[in-house]
Amino acid sequence: MTPPSPTISRVRTSVFEPATAIDRTFPEFPAAQPIDENNYFKKHKPPPYLSEISKDVANFIASHNKQNRKVVLVTSGGTTVPLENNTVRFIDNFSAGTRGATSAEYFLENGYAVIFLHREFSLLPYSRHYSHTTNCFLDYMNEDENGQVVINAEYQNEMRVVLRKYQNARDKGLLLVVPFTTVHQYLFTLKLISQELSVIGPNGLFYLAAAVSDFFLPHSRMPEHKIQSQNDNDGKLRVSLEAVPKFLSRLVDSWAPLAMIISFKLETDSNILLSKARGALERYNHQLVIGNLLQTRKKEVVFVTPEEGEHWIRLTDEQHANGTEIESLIIPEIMSLHEKWCEKTSTL
Ligand code: 9Z3
């Protein structure tokens with residue numbers, strides 16, 4: 001139940017008019033080759049904190065591997081594309097990280113350890129239920145007669161459930177949260193975690209739900225300081241972006257070749273969703289593409305696999321009305337596919 005908030009308007013300015021969405025009908029970029037990987041990772045400096053993350057990730061994976069627990073990397077939220085080195089302006093996208101944060105919870109509840117690679121300050125598993133924008137946590141509280149802050153009676157049960165799940169994940173060390181902001185940080189961190197995760201072979205699962213920018217401004221062409229409005233003769237800002245190499249191919253072929261890999265395909269035109277999802281599967285040769293439309297992503301998704309073709313997962317009207325989350329249907333299906341993948345791969 002969402003409490004009424006006197007201070008935060010229920011108007012959502014980020015929800016656009018679906019009919020105005022632009023269809024991305026242009027052809028896909030080719031899969032990245034080893035040379036593209038070399039070029040990108042040699043031409044760009046790794047984020048300075050990467051070695052610190054590397055240790056945490058390696059320890060996390062080793063400890064769960066010892067307990068024979070499967071580990072999933074969930075990526076979540078949108079990447080930014082900075083336009084200046086001392087960044088004032090950047091290009092961003094709509095993703096709040098709902099899919100990623102929600103999915104991470106269902107993986108945790110079903111016995112997985114989760115590395116949650118997410119856009120810093122986007123939604124997190126568990127705390128997402130009481131986040132800053134939709135359900136302001138302050139609206140769930142009050143003062144009792146002694147001035148103690150307490151949770152309102154009507155939210156006790158719901159909150160206790162979330163709190164217990166959160167504490168279980170935290171106390172058992174099942175969740176490792178790793179942030180990114182820029183597309184560049186995302187790519188370096190993805191490569192690092194993938195290589196660490198390759199150690200556990202098929203027990204590793206990739207669930208790539210982050211909305212990763214297709215374009216970026218290379219460091220070599222990035223101005224150091226804030227772009228000045230009077231710089232351009234005719235008062236216009238012209239930005240020429242380059243295609244972000246499609247590193248999914250490198251992940252499948254080289255970074256973690258035995259892991260099960262799931263990517264998401266996002267479109268706004270229902271006429272091209274399936275062909276784009278199939279195209280991605282053929283191009284990258286991985287195990288599953290989950291297709292979704294921006295407009296209906298919370299109600300339906302389509303699984304596209306090499307063996308079984310397409311298969312839709314949809315919430316019924318009743319499920320939608322009672323607040324069932326589509327991720328509660330997606331994750332069990334993925335777990336059974338992952339189980340089969342582990343069996344198949346171990347007999348190779
Ligand atoms: C997705 O398609 C996710 O499901 C959403 C989740 C980003 C739609 P929210 O954060 O949204 O819950 O609001 N993620 C992948 C999007 C993407 O950029 N995919 C690339 C593409 O479509 C391929 S990796 O080309």
Side-chain heavy atoms of [X] within contact of [Y], under 4.5 Å:
| X | Y | answer |
| --- | --- | --- |
| Lys299 | Ile326 | no |
| Val57 | Leu197 | no |
| Lys191 | Leu187 | no |
| Arg119 | Thr181 | yes |
| Arg250 | Pro34 | yes |
| His118 | Leu124 | yes |
| Val239 | Phe215 | no |
| Asp92 | Phe90 | yes |

Main-chain N/O of [Y] paired with [X] side-chain donor or acceptor, under 3.5 Å:
| X | Y | value |
| --- | --- | --- |
| Asn142 | Ile151 | no |
| Ser76 | Ala210 | no |
| Gln185 | Phe180 | no |
| Asn110 | Ile331 | no |
| Ser249 | Ala32 | yes |
| Gln287 | Thr305 | no |
| Asp36 | Gln33 | yes |

Output, in order, the C-alpha distance, side-chain angles, deciding distance and verdict of side-chain contact (heavy atoms from CB on, under 4.5 Å) for Lys70 and Glu339. CA-CA 10 Å; Lys70 295 189 173 86; Glu339 197 49 57; 2.8 Å; yes

Val71 and Asn65: side-chain contact (heavy atoms from CB on, under 4.5 Å), yes or no, with the steps? CA-CA 8 Å; Val71 182; Asn65 192 31; over 6 Å; no

In Å, rounded to the nearest 0.5 Å, how long is the span from [atom1] of [X] to [atom2] of [Y]?
| X | Y | atom1 | atom2 | result |
| --- | --- | --- | --- | --- |
| Ser54 | Glu196 | OG | CD | 4.5 Å |
| Leu190 | Gln195 | CG | CD | 9.5 Å |
| Ser328 | Leu315 | OG | CG | 7.0 Å |
| Asn203 | Leu258 | CG | CG | 10.5 Å |
| Leu293 | Asn271 | CG | CG | 9.5 Å |
| Ser275 | Glu267 | OG | CD | 8.0 Å |

Tell me whether [X] shares a hydrophobic cluster with [Y], the cluster being built from Ile, Leu, Val, Met, Phe, Trp, Tyr side chains joined at under 4.5 Å.
| X | Y | value |
| --- | --- | --- |
| Leu241 | Val212 | yes |
| Ile261 | Tyr284 | yes |
| Leu248 | Phe41 | yes |
| Leu329 | Trp312 | no |
| Met335 | Tyr106 | yes |

Taking all non-hydrogen atoms of both residues into account, name the closest pair between [X] and [Y] and its distance.
| X | Y | result |
| --- | --- | --- |
| Pro179 | Glu120 | CB-CB, 4.0 Å |
| Leu273 | Lys265 | CD1-O, 3.8 Å |
| Leu266 | Leu294 | CD1-N, 3.6 Å |

Carefully, step by step, assess Leu174 and Arg69 under the rule side-chain contact (heavy atoms from CB on, under 4.5 Å). CA-CA 10 Å; Leu174 294 172; Arg69 193 175 277 123; 3.6 Å; yes

Taking [atom1] in [X] as the centre, count heavy atoms belonging to other residues, nucleotides or ligands within less than 6.0 Å. Is the count above 12?
| X | atom1 | value |
| --- | --- | --- |
| Asp144 | CG | yes |
| Arg89 | CZ | yes |
| His320 | NE2 | no |
| Asp317 | CG | no |
| Gln67 | CD | yes |

Less than 3.5 Å apart, any donor N or O on the side chain of His311 or Glu333 sitting next to an acceptor on the other? yes

Just checking, any donor-acceptor pair under 3.5 angstrom between side chains of Ser103 and Tyr207? yes

Apply the test side-chain contact (heavy atoms from CB on, under 4.5 Å) to residues Lys340 and Glu307: give CA-CA distance (whole Å), side-chain angles for both, the deciding distance (0.1 Å), then the verdict. CA-CA 12 Å; Lys340 285 187 201 144; Glu307 298 85 15; over 6 Å; no

Establish, yes or no, whether a centroid distance under 6.0 Å links the rings of Tyr186 and Phe216. no

Is the distance from the ring center of His338 to that of Tyr112 below 6.0 Å? yes

Just say parallel, tilted or perpendicular for the rings of Tyr126 and Tyr166, cut-offs at 30° and 60°. perpendicular

Parallel, tilted or perpendicular, as decided by the 30° and 60° cut-offs, for the rings of Phe188 and Tyr40: tilted

Less than 4.0 angstrom from a charged side-chain N to a carboxylate O is my criterion; do Arg128 and Glu325 meet it? yes

